[in-house]
Protein chains: 2
Amino acid sequence: MSITRKQEIINTAALLFKEKGFNAVSMRDLAQEMGIKAASIYNHLPSKQSILGAIIFEVSVEFTTHINAVIDDSLPILQKLEAIITMHIDLTLKKSEFLACMNNDWVHLNDVDKKQYIKMRNAYEEKFRSLLLQGIQEKALKPIDLEIMLFSILSTLRTFYLWYAKHQMLDFEKVKGDLCTTLLTGIRS
Amino acid sequence: MSITRKQEIINTAALLFKEKGFNAVSMRDLAQEMGIKAASIYNHLPSKQSILGAIIFEVSVEFTTHINAVIDDSLPILQKLEAIITMHIDLTLKKSEFLACMNNDWVHLNDVDKKQYIKMRNAYEEKFRSLLLQGIQEKALKPIDLEIMLFSILSTLRTFYLWYAKHQMLDFEKVKGDLCTTLLTGIRS
DNA sequence: TCACAAAACTAACGATTGTTAGTTTTGTAT
DNA sequence: ATACAAAACTAACAATCGTTAGTTTTGTGA
């Protein structure tokens with residue numbers, strides 16, 4: 001079986017949500033984009049918020065899975081960080097609409113989903129933090145404030161989809177290299 | 001004359017918009033937060049979108065003014081970059097709600113305001129880009145892809161208000177120093 | 001061809017939205 | 001005390017929202 005109708009709706013919703021934001025997209029907008037009527041969507045999904053949930057958890061699960069894999073891998077710390085950066089770029093190229101939704105519209109999840117999302121997000125950050133701390137302790141990284149380090153890298157990675165939207169045509173390896181350089185060794189020569 | 005009623009409304013709106021997003025805040029929500037009725041707001045401001053416009057242009061004008069001042073200043077390039085970073089931190093501390101609105105809700109400006117905003121934003125980026133290019137040419141900065149450099153720094157600065165919301169209690173000078181280090185010389189030792 | 005499930009439809013609901021018109025209250029300067 | 005403007009109010013509007021119920025069409029396997 002190929003892509004389900006449900007998944008088609010989710011993908012289309014992600015695209016619209018990215019452009020206008022969750023609250024600015026009505027079920028009628030989404031339906032029109034699918035070439036059907038709003039009520040028909042409810043044959044596939046129970047609510048508007050559930051669509052948002054499906055979008056957000058699809059990528060947040062992927063992030064969690066990948067960072068766990070990197071942690072379990074036995075690589076030098078700097079290569080682990082590189083692997084994470086690469087993973088973010090990778091996901092950005094494949095699912096930029098989903099990332100945009102996650103970043104901008106997680107606030108509009110229902111209470112249960114929101115708690116779950118925040119939990120996963122915190123867990124992800126905590127794992128990232130541990131890696132950076134390890135890097136500092138091994139003297140591979142400078143002893144700068146851990147939180148600033150973490151925040152700086154994460155904010156760049158999380159909003160990379162914005163940059164991608166503008167510059168699309170790109171050499172994956174070059175972007176990866178330049179981003180690693182910028183984030184890890186800095187821009188000053 | 002102290003702070004006007006109009007400005008009070010704008011400030012309150014910025015707070016609510018930051019928390020829930022422009023579309024998720026109704027005029028009745030805003031009015032309730034002010035202790036008045038929704039219709040009363042229209043004695044001070046012509047529309048909901050005009051409130052958003054007031055919020056966004058208040059800070060975007062400030063950004064433009066400041067980067068112009070920095071450019072006109074006769075400082076070495078690295079110190080100019082430092083000055084810009086400092087300015088971003090400064091504005092974050094003073095007006096984090098306004099920055100949050102600008103970042104998240106500029107999409108919901110009316111057409112005229114949106115065009116104007118994008119214009120100012122592009123101009124700001126262009127000035128920033130010129131400074132970085134100058135830095136590269138003077139060999140003060142590494143010859144990395146200019147766009148990635150620009151994007152990386154800007155995305156960190158633009159979302160710094162998110163970090164500030166979590167860590168508030170902070171030593172301004174330390175944050176400034178650590179952020180400059182992270183963004184300019186990188187985290188790798 | 002028949003049966004059944006998937007997926008579309010029409011029609012409508014109650015709630016909420018931004019906004020307007022017209023009126024009343026509040027504060028202030030003469 | 002009077003006049004006037006600022007700032008609040010009540011009441012209502014037309015539009016749009018997410019969602020439901022019930023019905024019809026479409027596609028598929030026996």
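Proteins come first, then strands; the chains are lettered A, B, ... in the order of their sequence lines, and each starts at number 1. The structure displayed is predicted, hence computed values, not measured ones.
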Could you tell me the separation between the [atom1] atom of [X] and the [atom2] atom of [N], rounded to a whole number of Å?
{"X": "A:Ile51", "N": "D:dG18", "atom1": "CD1", "atom2": "C1'", "value": "11 Å"}
{"X": "A:Leu52", "N": "D:dG18", "atom1": "CG", "atom2": "P", "value": "12 Å"}
{"X": "A:Gln32", "N": "D:dG18", "atom1": "CD", "atom2": "P", "value": "14 Å"}
{"X": "B:Leu30", "N": "C:dT16", "atom1": "CG", "atom2": "P", "value": "18 Å"}
{"X": "B:Ile41", "N": "C:dT17", "atom1": "CD1", "atom2": "P", "value": "12 Å"}
{"X": "A:Lys37", "N": "C:dT10", "atom1": "NZ", "atom2": "P", "value": "5 Å"}
{"X": "B:Arg5", "N": "C:dT26", "atom1": "CZ", "atom2": "P", "value": "14 Å"}
{"X": "B:Leu45", "N": "D:dA7", "atom1": "CG", "atom2": "C1'", "value": "13 Å"}

Under the salt bridge (charged side-chain N to carboxylate O under 4.0 Å, His left out) criterion, do A:Glu125 and A:Arg158 qualify, and how do the steps go?
CA-CA 12 Å; A:Glu125 287 183 8; A:Arg158 277 179 177 151; 3.1 Å; yes
Can you tell if the side chain of B:Val61 reaches within under 4.5 Å of the side chain of B:Met120, non-hydrogen atoms only?
yes
Measure the acute angle between the ring planes of B:Phe22 and B:His108, then classify it against the limits of 30° and 60° as parallel, tilted or perpendicular.
parallel
B:His88 vs B:Phe63 aromatic rings, parallel, tilted or perpendicular, using cut-offs 30° and 60°?
tilted
Taking only side-chain nitrogens and oxygens of A:His44, does any of them come within less than 4.0 Å of OP1 or OP2 of C:dA7?
yes
At under 4.0 Å, does any side-chain N or O of B:Ser40 touch on OP1 or OP2 of D:dA7?
no
Write down the protein N/O and nucleotide N/O pairs, taken from nucleotides 19-23 of chain D, whose separation is under 3.5 Å; answer none if there are no such pairs.
unit_1, atom_1, unit_2, atom_2, d
D:dT19, OP2, A:Tyr42, OH, 2.7
D:dT19, OP2, A:Lys48, N, 2.8
D:dT19, O5', A:Tyr42, OH, 3.3

When every non-hydrogen atom of A:Ile67 is compared with those of A:Phe128, the smallest separation belongs to CD1-N, 4.1 Å
Can a donor-acceptor pair be found between the side chains of A:Ser155 and B:Ser155 at a distance below 3.5 Å?
no
How about CD on B:Glu138, more than 12 heavy atoms from neighbouring residues, nucleotides or ligands closer than 6.0 Å, or not?
yes
Ordered by number, residues from residues 7-26 of chain A within less than 4.0 Å of DNA chain D (heavy atoms) are A:Val25, A:Ser26
Should A:Ile71 and A:Leu75 be counted in the same cluster of Ile, Leu, Val, Met, Phe, Trp and Tyr side chains packed under 4.5 Å apart?
no
Could you note down all residue pairs passing salt bridge (charged side-chain N to carboxylate O under 4.0 Å, His left out) where residues 39-65 of chain B supplies at least one of them, sequence neighbours left out?
B:Glu58-B:Lys95, B:Glu62-B:Lys94, B:Glu62-B:Lys95
